[in-house]
Structures are given as structure tokens and as C-alpha cells.
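Index from 1, following the sequence. What you see is a predicted model; the values in this text were computed from it and never measured. Ligands are counted one by one from 1 in listed order, and the atoms in each one are counted from 1 as well.
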Amino acid sequence: MKVQDTQISEENEVQIAIELRDLVKSFGGVAAVNGVSLSIPQGTFYGIIGPNGSGKTTLVDCISGIVRDYQGSVLFDGTDITGWPIHKISQLGLLRTFQTSRLFGPMSTLSNVMIAAPDQAGEKFFQAVFGRWRAAQEGPLAKARELLASYGLSGREDAYAAELSGGQRRLLELARLSIMHPRAVLLDEPFAGVSPVQRAQLTRRLRGLKDDGITVVMIEHRLELVEQLCDRIGVMAEGKIIAEGCMDDLRTDKDVLSAYLGSVGHDEARM
Ligand code: ADP
Ligand code: MG
């Protein structure tokens, strides 16, 4: 029996993509993140839910290097990235989107994706921006077009990003992320401003990320979307992860219920 146990545990050995140890980030006297420890296995679609102001965005800011003056440590695929700046973290393949979209408004939809493609340095960068394509660009160009089509944006290639609807901007942001071949993505409310029709498309694309083996961490309010997409969910309240599990586990968790009723206290909080 013992031998069999060992074989099973070796086969099931999981690699941890994102690991947080005792993360604390305060603004003035207020701890926005107040002692978070978390292990997210590679390939997991991990949801973060919790009331407004519970520290979800700050947590993702720490992981992605937007906020660097926190206590505790952050590891990505086994590398200690504590305090690293966002550009260095991006180079390891850990990418993020923001709660409000950040695109180059005065550039076309296609150019927004093209400039994110790897190996677009120097002269190539300007060719991409100004649309003077050479043979060398055909690879990334075809890839960008294919990607835009898969995100339902092929008819909008030449539109300025600023002209797109809120939902189209969200889809464009994800297309831009995808061309960078991420190993993990952090998405801060990716469904904000997305219409019901586009919601289905976005849901499909997010599932596609997971199918490609990419680890996804998604902050989202709407529990039905979280339930559809996430393998595992962490509930934040007052800077702490107060519960973790699948949606079925959480539905009956009294700490979670009280957090959503706004009455959870630190004494009740558990990791
Ligand atoms: P969530 O994303 O869960 O709504 P946030 O991480 O945005 O929560 O915020 C958590 C807490 O930290 C809130 O009380 C918020 O006011 C505070 N906070 C976030 N960012 C800043 C900042 N740059 N300066 C001061 N306080 C901040
Ligand atoms: Mg937020």
C-alpha cells in the first residue's frame, strides 16, 4: 500500500505557479492586504472574490510589481520575485490587466496587438505602429489577425482602440496579452463593461487560456461567472483570505456569508 501511495503522490506532483507568504501592504495606517499566504498550482483558474475595498486589487498589484513596498514574499514558478518591478516580472511570463482598460487609444486595434508581439524592437516597432509591413512582419501580423479574429474583433482591426466599446476593449486587452505568450495572467475584473453577448465570447477565450495551460488569477464580482470559470476561489475580506475552495464549499461557509453581509471581524477570519 505504501509503495502505491508514493507512486500516486509522484504522479500528482503539482508545480506551484504563484506563491504568497505573509503578504502585508499598508497605506498609511490601513492594511489593505493584511497577511495573505496562498499557493496557486500551475494551470489553475483561480478566482478572487470579496467586498469592495477588501484588498483584491492591492494583492494583484503586489504580485505583478505595481506595488513593491510590501512585506512578505512572492514567488513565481519557484523564482523569488519579491519587490521586482513589473517589467522584470512580465519577462518571466507573469502578465496582468487592470480594472480600467489601458490601451493605446490613438492607435489601431491591430497595432495595439502588434506592439505587444515579441521581437518588435527598434525599427520593427515603428513599422508595426505606422503600418509599413515588411516580409519579416508577416508572421506576427498573421498571428495578430488570427488572434483578433478569435476574439471577435476582425472587423475592427483598423479602428482606433479609443473607438471600441468597453467590451471590445476588454477583448483587445486579452488578445494583446495572449500574443505575449504568458505563463500566468492576473485579470482585475475582466468583465467590467462587457455586454452580455461579449460576455459569452470572453468566457470562451478565458477558458481557452486555461486550456493552453496558462495559470489564470481573476478578480470578479459576479459569482455566476466565477462559478463557471474558476477551479478554486479565495475569498478576501479586510485584507485577508478568509476562505478558499470551490464554489460549492464556499456557499455554505459561514465566514464567507458574513463577509458578504459586511460583518466579518478579524477574530473570525481564518486562512
Ligand atoms: P478591492 O480591489 O478589493 O476593492 P483595493 O485593493 O482597491 O480593494 O483597496 C483596499 C483598501 O486599500 C481600500 O481601503 C482602499 O481604499 C485602500 N487603498 C488602495 N489603494 C490605495 C492607495 N493607492 N492609497 C491609499 N489607500 C489605498
Ligand atoms: Mg479592485
Side-chain angles (χ1 to χ4, degrees), residues 18-38 40 45-74 76 81-86 89 94-103 166-167 169-170 173-174 177 184-194 199 202 206 215-227 229-230 232-245 247 250 253 255-271:
I18 295 168
E19 184 169 354
L20 311 179
R21 296 179 185 155
D22 287 326
L23 218 64
V24 176
K25 168 62 196 169
S26 301
F27 294 104
V30 182
V33 172
N34 195 9
V36 169
S37 296
L38 207 57
I40 302 177
F45 203 122
Y46 193 94
I48 300 180
I49 62 173
N52 269 336
S54 56
K56 305 180 299 296
T57 294
T58 306
L59 187 71
V60 162
D61 284 348
C62 293
I63 301 170
S64 59
I66 293 285
V67 166
R68 297 165 62 190
D69 57 340
Y70 52 82
Q71 285 108 56
S73 44
V74 180
F76 176 58
I81 58 166
T82 307
W84 285 26
I86 188 164
I89 293 174
L94 175 55
L95 305 178
R96 72 166 293 173
T97 61
F98 293 87
Q99 207 163 342
T100 47
S101 92
R102 296 191 183 181
L103 293 162
R169 279 202 290 272
R170 290 285 170 194
E173 279 188 301
L174 271 185
L177 222 63
V185 294
L186 309 167
L187 311 174
D188 195 350
E189 302 193 22
F191 289 94
V194 173
R199 202 177 293 164
L202 185 51
L206 292 177
T215 307
V216 184
V217 178
M218 177 179 80
I219 298 174
E220 181 53 51
H221 285 295
R222 269 156 296 195
L223 297 183
E224 77 274 12
L225 294 171
V226 173
E227 181 161 29
L229 285 164
C230 300
R232 198 168 168 79
I233 299 145
V235 186
M236 282 195 85
E238 299 183 5
K240 292 179 188 291
I241 299 281
I242 58 158
E244 248 197 306
M247 193 56 98
L250 299 177
D253 186 301
D255 288 348
V256 174
L257 295 174
S258 63
Y260 273 95
L261 295 172
S263 62
V264 72
H266 287 301
D267 291 340
E268 287 174 276
R270 62 176 172 78
M271 295 298 293

Check: Which protein N, O or S atoms sit under 2.8 Å from the Mg ion (ligand 2)?
Finding: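 Listed by chain and number, the atoms are Thr57 OG1, Gln99 OE1.
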Margin query: Determine whether a donor-acceptor pair (N or O, by modelled atom type, separation under 3.5 Å) exists between the side chain of Thr82 and the backbone of Val74.
Written below: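 The answer is yes, because a donor-acceptor pair under 3.5 Å joins these two groups.
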Next item on the list: Would you check if the side chain of Lys240 reaches a backbone N or O of Asn34 as a donor-acceptor pair within less than 3.5 Å?
Entry: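 The answer is yes, because a donor-acceptor pair under 3.5 Å joins these two groups.
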Item checked: Student check: side-chain heavy atoms of Leu94 and Ile81 closer than 4.5 Å ->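 Leu94 reaches Ile81 side chain to side chain.
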Margin query: Any non-hydrogen side-chain atom of Leu174 less than 4.5 Å from a side-chain atom of Leu206?
Written below: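 Of all side-chain heavy-atom pairs linking Leu206 with Leu174, at least one is under 4.5 Å.
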Check: Is a salt bridge present between Glu224 and Arg222, judged by a nitrogen-to-oxygen distance below 4.0 Å?
Finding: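 Result for this pair is no, no salt bridge flagged.
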Next item on the list: At a heavy-atom distance under 4.0 Å, which protein residues reach ligand 1? Sort them by chain and number, would you?
Entry: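 Within the 4.0 Å shell of ligand 1, which is judged on heavy atoms, sit Phe27, Ala32, Pro51, Asn52, Gly53, Ser54, Gly55, Lys56, Thr57, Thr58.
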Notebook entry, point to check: Which residues satisfy the salt bridge (charged side-chain N to carboxylate O under 4.0 Å, His left out) test with Arg232, sequence neighbours excluded?
Noted result: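 For Arg232, the residues satisfying salt bridge (charged side-chain N to carboxylate O under 4.0 Å, His left out) (neighbours in sequence not counted) are Glu244.
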Item checked: Partner of Arg96 by side-chain contact (heavy atoms from CB on, under 4.5 Å), out of Ile63, Val185, Val60 ->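 Answer after filtering Ile63, Val185, Val60: Val60.
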Notebook entry, point to check: Residues in side chain to side chain contact (heavy atoms under 4.5 Å, CB included) with Leu223, at least two apart?
Noted result: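 Checked Leu223 against side chain to side chain contact (heavy atoms under 4.5 Å, CB included); matches are Ile49, Met247, Tyr260.
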Notebook entry, point to check: What closest approach, in Å, do Ala243 and Asp253 show between heavy atoms, and which atom pair accounts for it?
Noted result: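 Looking at all heavy atoms of both residues, the closest pair is CB-OD2, 3.8 Å.
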